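One structure below.
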Amino acid sequence: MANSSIQFEPSSFSMNPHHRSPEYNALLLAGPRLGPLKQAHARLVVAGYASSLPLTTKLATLAVAAGAASYAHLLAVSHPAPDSFLFCTLTRAAAHRGLPAAALTFYRSLLTAALPFSSFAFTAVAKACADLSALRVGMAVHAHAILFGFGSDGFVQTALVVLYSKCGQLAVARKLFDAIRDRSVVAWNVMISGYEQNGLAERAIEVYKEMQMAGEAPDSATFVATLSACAQAGALDLGREVERRIVSERMDMSVFLGAALVNMYARCGLVNKAREWFDKLQERNVVTWTSMIAGYGMHGHGHEAIKLFHLMRREGPPPNDVTFVAVLSACAHAGLVSEGRDAFATMKSVYGLIPRAEHYCSMVDMYGRAGLLDDAMQFIHDSIPGEPGPEVWTAMLGACKMHKNFNLGVEVAERLIALEPENPSHRVLLSNIYALSGKMNHVEKVRNTMIKRRLKKQIGYSLIEIGGIAHLFRMGEKSHPQTRDIYQYLEELIHRITDAGYVPETDSVLHELEEEEREFALRYHGEKLAVAFGLMMSAGSTAPIRIIKNLRICGDCHLAIKYMSAVENQEIIVRDKHRFHHFKDGKCSCQEYW
DNA sequence: TGCGGCATAC
C-alpha cells in the first residue's frame with residue numbers, strides 16, 4: 001500500500017565501497033554465466049585474491065546461479081577458512097535456483113564445518129526439502145532449527161509450514177502455523193495455499209476467512225491462493241467477492257492474479273466471464289492461455305478451445321505439455337477426433353514435446369468417447385511406448401462402458417484389476433459393465449469380492465452454494481435442517497417430471513454397493529437433493545442453479561435434471577468430476593458426450 | 001543473504 005511518509009531510499013546508501021574493487025566488478029560483469037565466471041576466477045587467482053572470502057562468496061554464488069553447483073562447492077570447500085555466511089548464502093542460492101539437492105549439500109557442509117548457523121540457512125534448506133518432498137530430512141532440519149535456537153523465528157516457522165504442507169502433513173503444518181506469534185501475511189498465504197494444494201479447498205477458505213476476522217490485510221498472493229481454492233471448491237460467491245476487492249483496491253494485476261481469475265471463473269462455470277478477464281489482461285503467459293483453453297474444454301466448447309489454441313500458436317507464447325493436455329482433453333470432450341489427432345502430431349513434431357500418460361490418456365479417451373474403440377486399442381498398441389499405465393486402461397474401460405462393448409470391457413477391467421487390485425473404482429466399473437449386460441450373478445460376485453477385501457467405493461456428494469454457504473448432500477442425506485421440505489419438494493418434482501415423460505434409468509442403481517445406500521436407491525441421490533434444494537430456495541429467481549459433484553454424475557440424475565430444467569424452466573449447471581453440464585430446456589450441453 | 005502466488009488426463 002502507498003506510504004505517504006517521506007523516507008530515504010535505503011538502496012542509495014547500501015553501496016559498499018569495498019564491493020567496488022575491480023575484481024568484484026569483474027565478477028558482477030560476468031554474471032551468472034559459467035564461462036565468463038571461470039575467466040574471472042582465473043584472474044582472481046593470478047591477482048592473488050584466491051583466498052579473499054567476499055570474492056569467493058560472490059564467485060561461488062554466481063556459479064550456483066549459473067547452475068554449476070559442484071563448481072561452487074569445490075570453490076567453497078577448497079577455501080582455507082570458509083565462514084558461515086559463505087555456506088548459508090550458497091544454501092540459499094541453490095534452493096532459490098531450483099537445485100534442492102545442492103542446497104542440502106551446502107547445508108551439510110555447514111554442519112560438518114561446525115560453523116554457526118543463521119536463520120537464512122534454515123529457511124533455505126527447508127525450502128529445498130519442501131521442493132524434494134523430503135519429509136524425513138525436513139524433520140531433521142526442523143529439529144536442528146529448534147536445537148540452534150531458531151524455533152520461534154517467524155521466517156523459519158513459515159518455511160517449515162511450507163515444508164510440511166508440501167509433504168502432505170497438513171496437521172503438522174497447521175500446528176506450526178498456529179504457534180507462530182506474529183503471523184505475517186506470508187504465513188497466512190502459505191497456510192491457505194498449503195490446504196489448497198492438498199485438495200482441501202474448504203479448509204483453505206476457512207483460513208482466508210480467519211485471516212479476515214483477524215484483521216490481517218491480504219496481498220495479491222492471498223487472493224491468488226484464495227481464488228485457486230474457490231476454483232477447486234466451486235465457491236463462486238467468495239470468488240466474486242475476492243474479484244470485487246481486487247478491483248476496488250486497484251491491486252496490480254500480476255500474471256498470477258490474472259490467471260487465477262480466469263481459472264476461478266472457468267472452474268466455477270462462468271466460462272464467458274473467464275474469457276472477459278482473459279481479454280482484459282495486459283499480461284498473459286502460457287498458464288493464462290492454458291487455463292482458458294482448459295476452461296473451454298471442461299465446458300464441452302471444443303471448437304472454442306481449438307480456436308484459442310490456434311490464436312495462441314499465432315500470437316501467444318509457445319504451448320507446453322500442459323497446454324496439450326488441455327487441448328487434447330477439450331477434443332476428447334467435444335468429439336473433435338481429427339483436431340485432436342493433429343494436435344497430438346503437432347505437439348511432437350513442432351514443439352518437440354514428449355507425450356506423457358495424460359496425453360496418451362486423452363487420446364484414448366478421445367477415440368473411445370467417439371466410439372472408435374478399435375482406433376483406441378490400436379493407438380494403445382502402436383503409439384504408447386512400453387506398458388500402458390492404469391490411467392490409459394481406465395480411459396479405455398470408460399469407453400467400453402459408454403459404448404456397451406461388454407467383452408472388451410471385461411477384458412480391460414480384468415487387466416486393470418490385476419494392475420491395481422486395491423483400487424475400488426475399477427471393480428465398480430466392472431460391476432457396472434456386468435449390470436449393463438444383464439449378468440447379475442457377476443455383479444454379485446464383484447460386489448462380494450469388494451466386501452471381502454474391504455474395498456469401499458468413494459462416497460459421492462453434491463454441493464450447492466446459497467448466499468455464500470455451501471450445503472452438502474450425500475445420498476439420502478437427512479441432516480439438513482430443511483430436510484422435510486427438501487424431500488417433499490423433490491417428491492413433487494419427480495411427479496412432475498414423470499408426467500413430462502421421465503422414466504428412471506434403473507441401470508444406474510444396480511451398482512450401488514453399500515448396504516445403507518441400497519435402501520435409498522436413485523431417488524435420493526445427492527445431486528437430486530441438491531437441485532431440489534436449489535430450486536426450492538430460488539423460487540422466482542432466474543439465476544442458474546449451480547451444483548458441484550465430486551464424482552461423475554450418474555445416468556439417471558443426468559436424465560432427471562434434463563427434465564427438471566424443462567419443467568421448472570430453470571438453467572441448472574452441474575460440475576462433475578470431469579466436466580460441466582449445462583442443463584436448459586430439457587437438454588444438456590454435453591449432448592450425451594461425457 | 002530469508003518465508004508465499006497461476007494451468008493438466010480418467
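All chains are named by letter (A, B, ...) in the order of the sequence lines, taking the proteins before the strands, and each is independently numbered beginning at 1. The basis for the numbers below is simple: all heavy atoms, side chains too, and nothing from hydrogens, waters or symmetry mates. Treat the numbers as computed from the prediction; the structure is a model and nothing was measured.
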Looking at dC10(B), dC6(B), dA9(B), which one has an atom nearest to any side-chain atom of V224(A)?
dC6(B)
Side chain of R92(A): nearest nucleotide among dA7(B), dC3(B), dG2(B)?
dG2(B)
Answer yes or no for this row: F120(A) ring on dT1(B) base, centroids under 5.5 Å, planes under 30°.
yes
[X] [atom1] to [N] [atom2], straight-line distance once rounded to whole Å:
X: D83(A); N: dT1(B); atom1: CG; atom2: P; answer: 14 Å
X: M191(A); N: dC3(B); atom1: CE; atom2: C1'; answer: 14 Å
X: I433(A); N: dC10(B); atom1: CD1; atom2: C1'; answer: 14 Å

Which is true for [X] with a 4.0 Å heavy-atom rule: it touches a base, it touches only sugar-phosphate, or it touches nothing?
X: T323(A); value: nothing
X: D219(A); value: base
X: T290(A); value: base
X: Q197(A); value: sugar-phosphate
X: R369(A); value: sugar-phosphate
X: R552(A); value: nothing
X: H426(A); value: nothing
X: F85(A); value: base

Contact check, residues 154-165 of chain A vs DNA chain B, heavy-atom distance under 4.0 Å, returns F155(A), T158(A), V162(A)
Taken in chain and number order and not counting sequence neighbours, the residues that satisfy ring-ring contact (aromatic ring centres under 6.0 Å, His included) with F278(A) are W289(A)
Residue list, ring-ring contact (aromatic ring centres under 6.0 Å, His included) with F122(A), at least two apart or on another chain
F117(A), F150(A)
